[in-house]
Number of protein chains: 2
Amino acid sequence: MKTEELLIAATLASWERATTRLDKAFSACTDEDLEREIAPGSNRLRYLLGHLTAVHDRMLPLLDLGARAYPHLDIYLDQADRSFEETVTPAALRQAWSDVNARLAAGFATLQAGQWLERHTSVSPEDFAKEPLRNRFSVLLSRTNHAWSHFGQVAILHLEK
Amino acid sequence: MKTEELLIAATLASWERATTRLDKAFSACTDEDLEREIAPGSNRLRYLLGHLTAVHDRMLPLLDLGARAYPHLDIYLDQADRSFEETVTPAALRQAWSDVNARLAAGFATLQAGQWLERHTSVSPEDFAKEPLRNRFSVLLSRTNHAWSHFGQVAILHLEK
């Protein structure tokens, strides 16, 4: 493998570790467990599942890998936990989470190393010329960090089997 | 910048964001705040500060960037919170945290892109030949993820000003 291919392979492995760890924790939860809070007054697991799914779903158009599949989950980004009426069932949330991560994995597999250095879709060509770090790779890193930060919270509840 | 230089610059920026966010949170804490738990029965901030400092300190020899400066902080890795008598003052913990991160930043600045693909010091040349992802770059990624996972916990307390 060439240098850039090794760097991208390592970074993709780091993304996959985050989603796999989260997946194990959410899979170990019953639907009742999803109502548990990370800490008193903090977000419930159910909210974090919706929130992470919405963030990952938005990565599809941001990385130019396809249209969003679950835009109605943006309520888990735009609104605080418990501030809205939840119409999405736990089963539907779980299914969306798995589906979005599978779509991302399939999309990632189509990208050549050089394409990770291309601009993401929310930066204009003009701005990208000035700020070359606003590329797909930086989105992958920041969303990996986001996933790990919430994994750290989920881990407080010791759900992983 | 060449492709691999851009990838490494983005990854170093991601590490720096993690340490900067943690730094802001710890700086916003009084020494009394450091006694606060993330959640009931969970780790105290003081323990996380010691734990993160020990993990970062161990990166120095692991990345072949120098000797460890604070090996006595390994107790924050080897023992659970509240299971040992703490002899390190909050001021000394804070100083070690800043110092270790500064040493790492200085070390990172000496590395050329290709050197990030070299093996880390806990893998043998023979094993590295079979597993080329066991390199400095993977250590940087995994420790960045580690830092973000604990940042997610610290963020529960809303300490950042």
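Chain identifiers are assigned alphabetically (A, B, ...) following the order of the sequence lines, protein sequences preceding nucleic acid strands; residue numbering begins at 1 within each chain.
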Within-4.5 Å side-chain heavy-atom neighbours: [X] and [Y]:
| X | Y | answer |
| --- | --- | --- |
| A:Thr3 | B:Trp116 | no |
| B:Pro40 | A:Pro40 | yes |
| A:Leu117 | B:Leu7 | yes |

Hey, does the side chain of A:Gln153 reach the backbone of B:Gly152 with a donor-acceptor pair shorter than 3.5 angstrom?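 Judged by distance alone, yes, a pair lies under 3.5 Å.
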Could you state whether [X] and [Y] fall into the same hydrophobic cluster, counting links through intermediate Ile, Leu, Val, Met, Phe, Trp or Tyr residues with side-chain heavy atoms under 4.5 angstrom apart?
| X | Y | result |
| --- | --- | --- |
| B:Val55 | B:Leu22 | no |
| B:Leu60 | B:Phe137 | yes |
| B:Leu141 | B:Phe128 | no |
| B:Ile75 | B:Leu93 | yes |
| A:Val123 | A:Met59 | no |

Which heavy atom of B:Ala39 sits nearest a heavy atom of A:Ile156, and at what distance?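 Residues B:Ala39 and A:Ile156, closest heavy atoms: CB-CG2, 3.9 Å.
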Run A:Asn145 and B:Ser14 through side chain to side chain donor-acceptor pair (under 3.5 Å) and show every step you take. CA-CA 8 Å; A:Asn145 296 338; B:Ser14 153; 2.9 Å; yes
First locate atom NE2 of B:His150, then atom CH2 of A:Trp148, and finally report the distance between them rounded to the nearest 0.5 Å.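 Answer for the NE2-CH2 pair, B:His150 versus A:Trp148, is 10.5 Å.
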With only heavy atoms counted, which part of A:Leu6 is less than 4.5 Å from chain B, the side chain, the backbone, both or neither? both
